[in-house]
2 protein chains.
Amino acid sequence: MALNDRKIQILQAIINDYIATAEPVGSRTIAKKYNLGISSATIRNEMSDLEEMGFIIQPHASAGRIPSDLGYRLYVDRLMQKRELKEEEQQFLQSVVARNISQIDYLMEETAKAISMLTNYTTLISEPVSKGAKLKQIRLLPLDSESILLVTATEGNYVKNHILKVSVVPEEEKLFELGREINAILKGCTINDIDQRIVGVLKGKLQEYSYILPALLSAVEQTARGAENIQVHLSGAKNILAFPEFSDIQRAKSLFQTLEQKEVLVTLLKENKDDAMQIMIGSENNLQSMKDCSVITTTYKMGDGTRGTIGILGPTRMDYSQVVSVLNGMVKNIENVLKALKEEKKDS
Amino acid sequence: MALNDRKIQILQAIINDYIATAEPVGSRTIAKKYNLGISSATIRNEMSDLEEMGFIIQPHASAGRIPSDLGYRLYVDRLMQKRELKEEEQQFLQSVVARNISQIDYLMEETAKAISMLTNYTTLISEPVSKGAKLKQIRLLPLDSESILLVTATEGNYVKNHILKVSVVPEEEKLFELGREINAILKGCTINDIDQRIVGVLKGKLQEYSYILPALLSAVEQTARGAENIQVHLSGAKNILAFPEFSDIQRAKSLFQTLEQKEVLVTLLKENKDDAMQIMIGSENNLQSMKDCSVITTTYKMGDGTRGTIGILGPTRMDYSQVVSVLNGMVKNIENVLKALKEEKKDS
DNA sequence: TGTTAGCACTCACTTTTATCGAGTGCTAAT
DNA sequence: ATTAGCACTCGATAAAAGTGAGTGCTAACA
């Protein structure tokens with residue numbers, strides 16, 4: 001049986017209608033709403049074929065048809081039309097990125113929020129990761145009479161602060177000097193490189209302050225581990241409640257539970273191995289609680305070559321075209337803002 | 001009509017049963033389950049009185065009774081028994097606090113998570129706030145060939161990092177010196193103190209790097225504003241779905257929407273003006289979508305005198321006794337860990 | 001006078017039955 | 001190949017009937 005033009009037109013009509021209404025689409029509806037110049041009976045015959053081919057499903061005998069995962073797949077691969085973002089949407093995304101570009105964690109958080117707001121779907125973002133991150137900067141700054149600020153940064157510019165409580169804070173110059181020495185010792189190390197010998201050397205350098213060593217080491221370790229752990233930001237999960245496919249509270253709950261497991265999200269995002277946009281439809285992801293969901297992912301590159309992944313999750317009946325355009329817009333934005341930052345540097 | 005002992009016993013039975021089952025409690029249930037030594041008919045008479053007094057409500061004519069807000073109020077003020085945390089619960093909380101005590105934002109986030117996990121309710125936490133925060137530390141550190149790390153801290157030890165992109169990073173010593181000078185200029189200023197004159201001075205100091213000034217100022221401003229803005233952490237909102245009072249998806253959605261508005265949360269937490277534990281029952285908070293919810297708040301003090309608020313939100317039918325003990329345990333924990341930190345310093 | 005057994009009554013909830021209508025598949029005519 | 005026509009299916013909605021937990025009232029009892 002051939003998938004001729006007319007069948008495709010009908011399939012497209014079914015998908016469009018179902019995306020818009022979430023109701024099974026009948027032959028008469030198509031005949032009336034979409035002027036294909038054929039009668040409902042003819043449409044019925046074609047629909048029967050489409051069902052046989054696996055592109056649409058009849059939920060029960062006297063209902064209209066809904067697209068199957070395979071139907072959506074065809075739609076996404078061959079039928080879907082690219083849509084451009086509206087100017088104001090573009091602007092909105094851009095302003096969010098520009099406002100947060102200097103702090104990766106805020107950028108992720110705010111970007112996720114912005115995308116959820118724009119699409120009404122759920123957004124997942126993973127931060128760029130550096131494996132076996134080497135320490136790059138370790139510094140001490142005085143804060144107040146009992147606190148020292150420890151700043152640690154790893155390659156990939158993952159930065160973290162820790163406040164160390166001490167009884168006596170060394171005088172400023174002395175503290176800087178201490179920081180510089182610690183930095184010299186630890187710079188370039190990964191967390192695994194820090195052995196007894198190095199700890200010994202540190203202890204020697206710290207002298208009367210050696211009691212802060214455990215806190216210091218633990219802070220350094222936390223930073224290093226943090227840089228290696230993939231951070232995932234989730235936003236707009238509550239949007240799920242708005243979709244009729246989750247008006248059953250049990251389903252909603254089980255999806256929420258799934259989304260709470262960070263590892264699951266990471267796995268989901270990791271599916272995207274190349275840089276292209278990737279669309280996972282329905283049970284293409286292997287999670288029971290997400291069999292009625294689709295996830296669209298794409299990667300973005302920060303200036304330094306590290307890459308993260310953005311994913312948008314919605315019902316299989318999601319507006320693929322919109323989501324794709326928002327994701328494209330977002331990635332372009334991040335790149336643009338980074339480029340603009342570079343220009344700025346050159347200009348001045 | 002007097003609220004004699006027997007009435008109180010019956011009220012207590014109703015509340016206990018309703019908290020456990022979420023089903024209206026009938027006279028026969030009480031007669032059978034709680035051995036009060038009186039018949040269901042007598043209980044019926046007493047219940048009729050309790051209803052007249054406003055402590056219980058009959059949802060409809062042929063149903064049992066449920067506690068009214070007033071009933072819960074009486075329970076909370078006079079009947080509720082203090083419960084001690086189990087050893088393992090105590091330990092769990094303590095480990096969370098100990099692990100995160102050095103970073104206020106993580107502490108809040110993780111504490112919120114821990115409490116939600118322990119209670120199965122929703123947790124809100126606001127961070128300590130400093131009004132008109134003065135800048136305390138501004139430093140520059142080299143990160144890589146195109147990035148400078150700007151560390152800013154305000155009074156109250158609110159610390160933030162920003163990465164500034166530049167075309168040429170000054171040599172390390174030079175950069176420190178720059179940082180030191182900027183610090184000298186800005187130290188002690190609030191964000192409002194930074195006027196044209198100061199900007200001019202900064203510009204002079206920065207010389208060929210003056211193009212980073214906008215980014216630097218914006219970063220400083222962000223930090224200062226951040227210190228002034230109340231940060232609120234919300235955790236375990238999805239727990240709400242588990243309660244039968246929110247099995248109606250509309251209600252759940254509207255509560256979720258309310259919880260998404262940060263200002264609402266802040267207002268809620270701000271209700272707690274003194275340091276004592278405060279219990280807001282049902283419509284005592286004036287939010288329509290939360291009229292079936294209670295919020296229990298308490299404040300915690302960080303070492304430096306700043307204070308934040310922890311709130312637990314659940315259905316009015318929540319386990320007040322458990323929540324109170326968890327909150328007490330948590331506050332005690334934070335204090336203990338802080339004290340332990342101080343001891344540690346002295347010992348060494 | 002307080003307590004209790006007994007009983008009629010109420011009303012949400014469940015089950016059953018009936019009705020409706022959107023949508024299909026098949027057949028026969030065009 | 002297309003389509004009008006029609007019998008048929010079956011979920012959804014509505015109406016009717018039945019069930020039972022729980023009440024309030026009354027009258028008897030200690």
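Throughout, a chain's letter reflects where its sequence line sits, starting with A, and its residues are numbered from 1.
Within a heavy-atom distance below 4.0 Å of DNA chain C, no residue of residues 11-28 of chain B is found.
Taking the six-membered ring where tryptophan is involved, the planes of A/Y72 and A/Y320 are tilted, since the angle between them lies from 30° to 60°.
Salt-bridge formation is not detected for the pair A/D69/A/R73: no Lys NZ or Arg NE/NH1/NH2 atom is positioned less than 4.0 Å from an Asp or Glu carboxylate oxygen. Look at A/R83 and A/D319 and you find a salt bridge, because one of the NZ, NE, NH1 or NH2 atoms lies within 4.0 Å of a carboxylate O, short of that distance. The pair B/D292-B/R317 does not count as a salt bridge, with every side-chain nitrogen at least 4.0 angstrom from each carboxylate oxygen.
Residue A/L36 contributes atom CG, which lies 11 Å from atom P of D/dT3 at whole-angstrom precision. One can place NE2 of B/H60 at 6 Å from P of C/dA12, the figure rounded to the nearest angstrom. When the C1' atom of D/dA1 is taken as reference, atom CG of A/D49 falls 13 Å away, rounded to whole Å. Between the CG atom of A/N4 and the P atom of D/dA1 there is a distance of 12 Å, rounded to whole Å. What separates CD1 of B/I38 from P of C/dT1 is a distance of 20 Å, to the nearest Å. Between A/K33 atom NZ and C/dA22 atom C1' the separation is 15 Å, expressed in whole Å. The distance from atom NZ of A/K7 to atom C1' of D/dA1 is 12 Å, rounded to the nearest whole Å. Computed from coordinates, the B/L50 CG to D/dT23 P distance equals 12 Å when rounded to whole Å.
Looking at which nucleotide of DNA chain C each of B/S39 and B/S62 is closest to, the 5′-most match is held by B/S39.
Minimum interatomic distance between B/P67 and B/I15 (heavy atoms only, all atoms of both residues): CG-CG1, 3.7 Å. Taking all atoms of both residues into account, the shortest heavy-atom contact from B/S247 to A/I249 is O-CD1, 3.6 Å. When every heavy atom of A/E51 is checked against every heavy atom of A/Q58, the shortest pair comes out as OE2-N, 3.3 Å.
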Criterion side-chain hydrogen bond (donor to acceptor under 3.5 Å, both in side chains) on B/S289 and B/T258, from CA distance to verdict: CA-CA 7 Å; B/S289 60; B/T258 306; 2.5 Å; yes
All N/O contacts under 3.5 Å from nucleotides 25-30 of chain C to the protein, with atom names and distances to one decimal?
| unit_1 | atom_1 | unit_2 | atom_2 | d |
| --- | --- | --- | --- | --- |
| C/dG25 | OP1 | A/R65 | NH2 | 3.1 |
| C/dG25 | N7 | A/R44 | NE | 3.1 |
| C/dG25 | O6 | A/R44 | NH2 | 3.3 |

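For A/R28, the CZ atom is loosely surrounded, since the number of other residues' heavy atoms within 6.0 Å does not exceed 12.
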